[in-house]
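In the text below, chain A, chain B and the rest are named by the order of the sequence lines, each starting its count at 1. This structure is a prediction, so every number in the text was calculated from the model and none was measured.
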Number of protein chains: 2
Amino acid sequence: MARNTNPSELRAAILDEARECLIAEGYLSLSMRKIARAVGCTATSIYLYFQDKDDLLHALINEGMERLHNQLLGSLDGVQDPVQRCHKLCRSYLEFALENRQYYEVMFLLHPAHMKRYPKELYRRARRNLDLFADALAAVKGRPGSEEKEDLRSAHVIWAQIHGAVSLHHSQRLDVNIDVLGFMDAVVDNAVGHLLCKQDEAS
Amino acid sequence: MARNTNPSELRAAILDEARECLIAEGYLSLSMRKIARAVGCTATSIYLYFQDKDDLLHALINEGMERLHNQLLGSLDGVQDPVQRCHKLCRSYLEFALENRQYYEVMFLLHPAHMKRYPKELYRRARRNLDLFADALAAVKGRPGSEEKEDLRSAHVIWAQIHGAVSLHHSQRLDVNIDVLGFMDAVVDNAVGHLLCKQDEAS
DNA sequence: CCGTTAACTTTACACTGTTAACCGAAAAAT
DNA sequence: ATTTTTCGGTTAACAGTGTAAAGTTAACGG
């Protein structure tokens with residue numbers, strides 16, 4: 001590759017190609033040499049701009065987290081009813097998972113032993129997505145502030161429900177007789193419905 | 001390795017070593033050469049008894065499925081109440097997942113692109129585990145036989161809930177502030193509670 | 001014009017799963 | 001009893017993988 005005065009140009013090209021390759025073929029076939037070949041440099045050149053393969057992957061994961069965050073925020077636009085907001089968040093998360101399969105996989109499905117620890121600062125940003133759920137749940141109960149811990153747990157329960165469904169779907173473990181979209185509807189209903197149930201109990 | 005008259009002896013040794021290695025170090029560090037070294041033969045000898053690495057892994061997955069099946073069946077022993085039976089199944093599944101982490105990972109977490117298709121016959125056996133859930137659900141509703149499809153879907157919803165929780169836990173994506181056991185209790189309660197909710201509605 | 005800096009490449013290492021060719025001892029056949 | 005065949009197991013090799021160390025060469029500062 002020709003010498004490059006602008007030092008960030010190659011870095012951007014690598015990231016672009018990595019993203020494209022990820023989306024097109026999945027993270028399993030993401031190889032340093034393959035990216036390099038497509039970008040027109042050598043595999044070791046990537047190490048000039050990324051500490052290692054994980055570092056490159058972390059950058060992509062972060063991109064995905066930002067996209068998800070924006071999508072979640074967008075889904076709340078103009079929605080006032082607390083329960084409705086929870087519902088919107090769930091559907092939006094689900095939509096993201098189904099429409100950005102490869103992103104979702106590196107973000108939430110990739111086994112951590114495959115990768116070194118996700119950097120603290122990036123984690124903090126990603127964590128905002130979970131907070132969105134927890135906040136929405138707190139709003140449902142009306143009394144904000146208190147019971148933070150319980151809201152966090154409830155957010156995790158909902159997350160686990162949807163993530164589990166997506167995870168089974170992506171890994172093709174759902175029975176063939178299952179209608180995927182109908183199943184996903186049931187999953188969201190169950191995740192949010194559980195709240196309404198508890199809500200009813202409380203009132 | 002010395003010549004072996006009994007042809008299945010080496011095969012058993014390989015399988016034993018593979019299982020041990022899986023449990024001790026996880027499927028990521030399962031390598032043909034490593035297994036062979038531990039067993040005292042060469043890597044290519046494994047191909048005399050297993051079609052490829054996936055075939056070997058399938059054998060281990062099947063083992064896990066059988067163990068899970070026995071555990072699930074055992075948990076129902078002497079339990080009559082239909083709702084209780086659902087509860088027992090959930091707790092038993094959860095217990096298996098937490099206590100047999102490495103098995104669970106190859107059984108339910110391993111990305112299918114990592115592996116060739118799970119053989120049909122083995123799948124049929126594994127599928128019995130899901131059927132256990134579906135049957136238990138059907139019993140709750142009282143009217144057995146009808147609504148099979150809905151029971152299957154409900155079983156998947158519950159499965160997704162628990163699997164999601166386990167999956168997030170195993171991949172260390174649960175927030176550090178979450179008490180794992182308490183969280184898992186909430187998850188099971190939610191999964192089964194959802195049934196009771198519906199049950200109440202119906203009556 | 002020379003010396004330094006730094007962008008990029010070459011080479012190499014230790015791995016991975018897997019195939020093809022080979023070896024040699026046991027079993028079968030003559 | 002000697003030859004032939006079978007087959008359990010090994011060796012060598014291929015095409016990959018991520019990555020560290022060393023080498024090259026173009027651009028820039030004095």
### Query
At what angle, to 10 degrees, do the two end axes of the helix from C:dC1-D:dG30 to C:dT30-D:dA1 meet, given five pairs define each axis?
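That helix gives 30° between its end axes.
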Can you measure [X] atom [atom1] to [N] atom [atom2] for me and round it to whole angstrom units?
X        : N      : atom1 : atom2 : result
B:Phe50  : D:dG9  : CZ    : C1'   : 16 Å
B:Leu48  : C:dT19 : CG    : P     : 12 Å
B:Ile14  : C:dG17 : CD1   : C1'   : 15 Å
B:Asp55  : C:dT19 : CG    : P     : 12 Å
B:Ile46  : D:dT10 : CD1   : P     : 10 Å
A:Leu28  : C:dG17 : CG    : C1'   : 14 Å
B:Arg11  : D:dG8  : CZ    : P     : 13 Å
B:His114 : C:dG17 : NE2   : P     : 12 Å

### Task
Measure up the A:Phe183 and B:His156 rings against each other and bin them: parallel (under 30°), tilted (30 to 60°), perpendicular (over 60°).
perpendicular
### Task
Could you please spell out the steps behind the salt bridge (Lys or Arg N to Asp or Glu O under 4.0 Å) verdict for B:Asp16 and B:Arg19?
CA-CA 5 Å; B:Asp16 286 348; B:Arg19 177 176 39 250; 2.3 Å; yes
How many angstroms lie between atom [atom1] of [X] and atom [atom2] of [Y], to the nearest 0.5 angstrom?
X        : Y        : atom1 : atom2 : value
B:Ile162 : B:Leu89  : CD1   : CG    : 9.0 Å
A:Arg85  : A:Ser75  : CZ    : OG    : 8.5 Å
B:Arg101 : B:Leu109 : CZ    : CG    : 9.0 Å

### Message
Regarding A:Glu150 and A:Arg153, does a basic nitrogen lie under 4.0 Å from an acidic carboxylate oxygen?
### Response
no
#### Entry: Side chains of B:Arg173 and B:Ser171, donor plus acceptor under 3.5 Å
yes
### Query
Taking B:Asp179 for the side chain and B:Gly182 for the main chain, is one N or O donor matched with an acceptor at less than 3.5 Å?
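Checking the backbone N and O of B:Gly182 against the side chain of B:Asp179, a donor-acceptor pair under 3.5 Å is found.
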### Query
If the sugar-phosphate is the primed atoms plus P, OP1 and OP2 and the base is the rest, what is the B/S/- string for nucleotides 16-26 of chain D, using protein heavy atoms under 4.0 Å?
-BBBB----BB
### Query
Counting only side-chain N and O atoms of A:Ser45, is one of them less than 4.0 Å from OP1 or OP2 of C:dC8?
no
### Candidate pair A:His114 and B:His114, rule ring pair (Phe, Tyr, Trp, His ring centres under 6.0 Å), full reasoning
CA-CA 13 Å; A:His114 267 301; B:His114 267 302; 5.6 Å; yes
